[in-house]
Structures are given as structure tokens and as C-alpha cells.
Amino acid sequence: MSGDTLATERLGTEGPLVGLQGLGCMGISEFYGDTDEAAARETLEVALGLGVTLFDTADVYGNGANEEFLAPFVRAHRDEITLASKFGIVRKPDDPGYRGISNDPAYIRQAVDASLKRLGTDVIDLYYMHRHDPAVPLAESVGAMGELVTAGKVRYLGLSEVTGAELREAHAVHPITALQSEWSLFSRDVERSAVGAAAELGVALVPYSPLGRGFLTGAFQDAASDLAAGDFRQNQPRFNGDNARHNADLLDPVRKAAKAHGATLGQIALAWVHRRADAHGLPVVPIPGTRKAGRVRENTAAASILLDAAELEWLEPIAGQVAGDRYTDMSATSAARE
Ligand SMILES: NC(=O)c1ccc[n+]([C@@H]2O[C@H](COP(=O)([O-])OP(=O)(O)OC[C@H]3O[C@@H](n4cnc5c(N)ncnc54)[C@H](OP(=O)(O)O)[C@@H]3O)[C@@H](O)[C@H]2O)c1
């Protein structure tokens, strides 16, 4: 950061220039308990004031509600922000728990129009395939996404939760600007093949859940009692019973580094993600999610914390010791196809 404003980073070799940290907007509409909407709107404005320009949503978040929530902010700041959305996870109105995956070209064409309408804009800057359905060849799905670029509905393409081999295959069909996958002190399976492929191809990494869905902030010493009823994390393996207690103990080195820097645990977790850029030689723009202005200030400040070699060594073993998968059902993740 220079002064109080984030440094910038280019997504991909020819993609947009964005603030070095983005904002994940998912929790505003779903998954992490009740939201104070006025506070969430203030968070968007404060984030932009701090140099956050990449705002991340998806059609599936709140079943369209998250995109609709963002529409006034998008209208007010269209030229100042890089707007990212996603298609590919489908729901059924009569079955709230249902999640399917669709990569069909016809579905993609109708999904982008629906997202544009909800967002109240005529172009999405970065459009991701949220999940890959191996039954649909990437030549077809990414080909259809490329047609959206030609049609001017989308500026750049992204993928989420793909392997290195899939990223290479997609990139040969149409240039991919960013790969959005889970990457944090708790989740490093993306390093198996995707990170190396992205570095080679000039694709940026956009780590999602960089705070381990909040766990890395130290907020969950006893996850069972710390989560409100209906919070989606109640069913996440890492937040459950013995796993949560074991995982909370893994935070000791994070606490030690936080003390050394006069920082919070969450800031150390984010600083570690930012340092992945040097470690792997590619642009890395994490998108921590928060609905609180104070937390967005705290999170952006983490981009200027430099962890030294000894501190990185303390943090290195954590991911290998985490108890519980990152999803209850891992079948749609890249890890399942490695
Ligand atoms: N591509 C995908 O499949 C995928 C999957 C998941 C998420 N995402 C994207 O990635 C974004 C970020 O991931 P995420 O929201 O799942 O997880 P995250 O960023 O790791 O953590 C978010 C959680 O941490 C809390 N938090 C944030 N800053 C904090 C701070 N400084 N101190 C204490 N608590 C803090 C938030 O609560 P408050 O809101 O109350 O601050 C929220 O509960 C999402 O918003 C979404 O846009 C993408």
C-alpha cells in the first residue's frame, strides 16, 4: 500500500488493473448469518475508498439476490470498479438445498443475460465458470464464454475450481484472465497443479475464502457454539466438533506472527496469501469477504505486512495438519479431479 491506498495488480497478462485485494460479496446475501444491509452498503463504499476495485459476486449467491444488492453500487461506480460474477451452479426453486452444475452453452447464454439484468449493467468485467462439469467439453463451454466476449457482454473470462490440465485446455480455447479457487493457510490443494499452470500461462490467481471462511481470524474456538442457527458453516467439516477444536489449536503460529507484527490473526492469514505471488511467480488478488467497514480496513491493511522467512516457516505446516475437508461434498472441486 502507498499511504492508505492499496497497490494495484494486473489480472492476467492483458486483463484489468485492480486493487491488490478485492472484496467477496457472497456473505452479504447468504451463508454466514444475518446481514445489516446499511452496514454492507457502507462496506462497499469504504472498500472502494481504500483502493479495492474487484467486487466479486455470482448468480447463485442468494439465488440472484447478491447481484441485485450490488446493482445500485455498480450503477454509481461503474467505471471505477471491476465487476466479477459467475455462472454454473444451478438451484431449484422448490428444493433450497439442491445444487447442480450446468456448463451447457445454451444455459451460459441465458445465465449471462439474467446476471446483466440483475446487476443493472450491460457488461460484466470478469465472468467465471463457477464449477466445471466434466461431461461438457471445455471447448464447448469456454467457446460459448468466448462468444460472450465477442458480443460485448463480458470483458474477460475466468474459471473457478479447475485443475492445471483443465486450465491449460480452456486457455487454448480462449485466453483465461483469472482462476478463482480456495487458497489459504488451511487450503492449499490448488498448489498441486493449478497454480503452476496459471503462472506458466499468465493467469492470475484470485484466492477465495482466504480467511478460511473466518476460521483463521481466531473467531471459532468452539465453532459449534460460535455459529448462529442457519449459518452454512455449521455443516462444514472443519467447523465441526473435534475438528474445530483441533483446527483452533493450529492457529498458535498465526498468533505468534500476529504478535510480532502487532497485527490480527486475520491480517497474518491474508499477508500469507499475498506472499504467494512472490513464492509462485504470478499475480495474486485475494477476495476476503466481509460485511463490515472496520474489517475491510483491517483486511486491506494486511496487504502491506511482509512476513519474513522464519515466520513463513512457522506457518508452512498448518495446511497439512487441518482436520476436515473444505466442503462436505468435495465432488465438484478441482481436488476431486486431480
Ligand atoms: N468460487 C467459489 O467457489 C467461491 C466459494 C466461496 C467464496 N467465494 C468468494 O470468495 C469470497 C470470500 O470467501 P468467504 O467469504 O467464503 O470466506 P473468507 O473471506 O475466508 O471469510 C469470510 C468470513 O470471515 C469474516 N471476516 C472477514 N474479515 C474479518 C476480520 N477482519 N475479522 C474477523 N472476521 C472477518 C466474515 O464475516 P463478516 O462478513 O461478518 O465480517 C465472514 O464470516 C466470497 O465472498 C465469495 O465472493 C467463491
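Counting starts at 1 for both ligands and their atoms, following the listed order. The figures that follow rest on heavy atoms only: side chains count, while hydrogens, waters and symmetry mates do not.
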Interfacing atoms of ligand 1 (cut-off 4.0 Å, heavy-atom, Pro210) | 19 (O), 20 (O)

Only heavy atoms count here, so choose which of Tyr61, Phe215, Tyr208 is nearest to atom 5 (C) of ligand 1.
-> Tyr208

May I ask you to decide whether Glu67 forms a salt bridge with Lys86, counting only side-chain N to carboxylate O separations under 4.0 Å?
-> no

Has the side chain of Asn247 got a donor or acceptor atom that lies under 3.5 Å from a matching backbone atom of Ala323?
-> yes

Numbering the atoms of ligand 1 from 1, which are under 4.0 Å from a heavy atom of Asp56?
-> 9 (C), 46 (C), 47 (O)

Salt-bridged, Glu200 to Arg168, with N to O below 4.0 Å?
-> yes

Any N or O of Lys86 that comes nearer than 3.5 Å to an N or O of ligand 1?
-> no

Under 6.0 Å from the six-membered ring centre of Phe69 and within 45° of its axis: does the NZ or CZ of Arg41 meet both?
-> yes

With a 4.5 Å limit on heavy-atom distance, are the side chains of Phe239 and Asp231 in contact?
-> no

Just which atoms of ligand 1 are under 4.0 Å from any heavy atom in Pro288?
-> 19 (O)

Ligand 1 to Arg131, heavy atom cutoff 4.0 Å, flagged ligand atoms 2 (C), 3 (O)

Do any N/O atoms on Gly27 end up under 3.5 angstrom from N/O atoms on ligand 1?
-> no

